[in-house]
Amino acid sequence: KLQANTDIMGIEEEIKENVGYLIGAAVQCSIFICCQMVIFADVIINYWLGPGFSSAVIVARIVFLSMISSFVCGCIGNVLEASKVKPINLFNLLASFFLFLILSGLMLFVYKIFSPAVSLSIAFSCGMILLGLLMYVAVRKIYPDKLSKDLNYLLVAIGINALLGCMAISIKAFIISRFYYLIIFEILIGLSYLLILWLLKTDWLRKIPEKILLKK
């Protein structure tokens, strides 16, 4: 029994460590993608749907802001399903859906500050952000760790992407002159972001080669 308990504790510690890596990777990768999508939303809409859909840019940018929560939900949602019998994800989804309904009702029928499309996109993004927060809190109740560690992931990603975002905005006019310029730029800036994280000794990124070598 003692050996079994020791093995279980060891497995739980490993799961907690891997959950931390998963949260760090989800947060830092999604913030980069979110920033780039928001900056180049107008270019994406123009190439994808055509210049006649320029009014959809603001809606796209608002929805892209929920990408961070979407990534977190996608990454840790299965962890919650596997860890608890209780339908935690269902409760979280209901809470975020109710928030969406409440905000939609207020902005569509009471305040009417924005257009219906913008109002619905704001309500959707707020619901997704709430869902991401609820899932994060739920998974951290099961596998607790230092809040400072997760905040560090967040703040480091925000700081780096603020600089990369400013650089992207400053040369945006040149980048969008050719679509393949944008593709090349995104590849280069993505690799630069990963390189910076590597040089900062980001744990989840440095664990990837180790995991690959262990599999071999």
Kindly indicate, with the supporting measurements, whether the criterion side-chain contact (heavy atoms from CB on, under 4.5 Å) is fulfilled by L120 and L108.
CA-CA 8 Å; L120 289 174; L108 288 175; 3.8 Å; yes

Other ILVMFWY residues reachable from L188 by side-chain steps of under 4.5 Å
F174, Y180, Y181, I184

Rounded at 0.5 Å granularity, tell me how far CG in L94 sits from CG in L134.
11.0 Å

Hey, could you give me each pair passing side chain to side chain donor-acceptor pair (under 3.5 Å) that has a residue in residues 100-112? Not counting sequence neighbours.
none

Quick one: list whatever passes side chain to side chain contact (heavy atoms under 4.5 Å, CB included) with L103, sequence neighbours left out.
L99, M107, A123, C126

CG on L93 to SG on C73, rounded to 0.5 Å:
8.0 Å

Among the clusters formed by ILVMFWY side chains lying less than 4.5 Å apart, do F91 and I129 turn up in the same one?
no

Which residues pass the side chain to side chain contact (heavy atoms under 4.5 Å, CB included) test with L147, not counting sequence neighbours?
Y136, L151

Nearest heavy-atom neighbours spanning S69 and M128:
CB-O, 3.1 Å

Heavy-atom side-chain proximity of N46 to I176 below 4.5 angstrom:
no

Not counting sequence neighbours, which residues clear side chain to side chain contact (heavy atoms under 4.5 Å, CB included) with C34? List them please.
V38, L65, M67, I68

Applying side-chain contact (heavy atoms from CB on, under 4.5 Å), run through I62 and F124 and close with a yes or a no.
CA-CA 9 Å; I62 294 171; F124 171 80; over 6 Å; no

Could you give the distance from CG (L182) to CZ (F185), rounded to the nearest 0.5 Å?
8.0 Å

Please say yes or no: joined through hydrophobic side-chain contacts below 4.5 Å, possibly via intermediate residues, are I160 and I33 part of one cluster?
yes

Common cluster, L163/L197, ILVMFWY with side-chain heavy-atom separation under 4.5 Å:
no

NZ/K141: more than 12 non-hydrogen atoms of other groups inside 6.0 Å
no

Shortest non-hydrogen contact from S96 toward L130:
CA-CD2, 3.9 Å

Kindly indicate, with the supporting measurements, whether the criterion side-chain contact (heavy atoms from CB on, under 4.5 Å) is fulfilled by D150 and V27.
CA-CA 9 Å; D150 294 335; V27 168; over 6 Å; no

When rounded to the nearest 0.5 Å, the distance separating NZ of K207 from CG of L22 is 14.5 Å

Can you name the ring pair (Phe, Tyr, Trp, His ring centres under 6.0 Å) partners of F114, sequence neighbours left out?
none

Going by the rule side-chain hydrogen bond (donor to acceptor under 3.5 Å, both in side chains), which residues pair with N92 if we only count those two or more places apart in sequence or in a different chain?
none

Rounded to the nearest 0.5 Å, how far does CD1 of I189 lie from CD1 of I196?
8.5 Å

Should R140 and I23 count as side-chain neighbours, where that means a heavy-atom distance under 4.5 Å?
yes

From CD1 (I44) to CD (Q36), nearest 0.5 Å
9.5 Å

Let's go through Y153 and D203 carefully: what are the C-alpha distance in whole Å and the side-chain angles of both, what is the deciding distance for side-chain hydrogen bond (donor to acceptor under 3.5 Å, both in side chains) to 0.1 Å, and is it a yes or a no?
CA-CA 10 Å; Y153 287 134; D203 50 10; 2.7 Å; yes

Tell me, which pairs form a ring pair (Phe, Tyr, Trp, His ring centres under 6.0 Å) where one or both residues lie in residues 24-66, sequence neighbours left out?
F32-Y193, Y47-F179

Look at the side-chain heavy atoms of Ile, Leu, Val, Met, Phe, Trp and Tyr, link any pair under 4.5 Å apart, and say whether I76 and L133 land in one connected group.
no

List, by chain and then residue number, the residues other than L195 in its hydrophobic cluster (Ile/Leu/Val/Met/Phe/Trp/Tyr, side-chain heavy atoms under 4.5 Å); write none if there are no others.
L199

So, does N152 use its side chain to make a donor-acceptor pair with the main chain of S148 at under 3.5 Å?
no

Residues 113-135 vs side chain to side chain donor-acceptor pair (under 3.5 Å), sequence neighbours excluded, gives none

Apply side chain to side chain contact (heavy atoms under 4.5 Å, CB included) to A25 and list each qualifying residue two or more places apart in sequence or on a separate chain.
W204

Check whether V19 and I142 end up in the same hydrophobic cluster, where Ile, Leu, Val, Met, Phe, Trp and Tyr are linked by side-chain heavy atoms less than 4.5 Å apart.
yes

In short, R61 meets A41 closest at the heavy-atom pair CG-CB, 3.5 Å

Quick one: side-chain hydrogen bond (donor to acceptor under 3.5 Å, both in side chains) partners of K172, sequence neighbours excluded?
D42

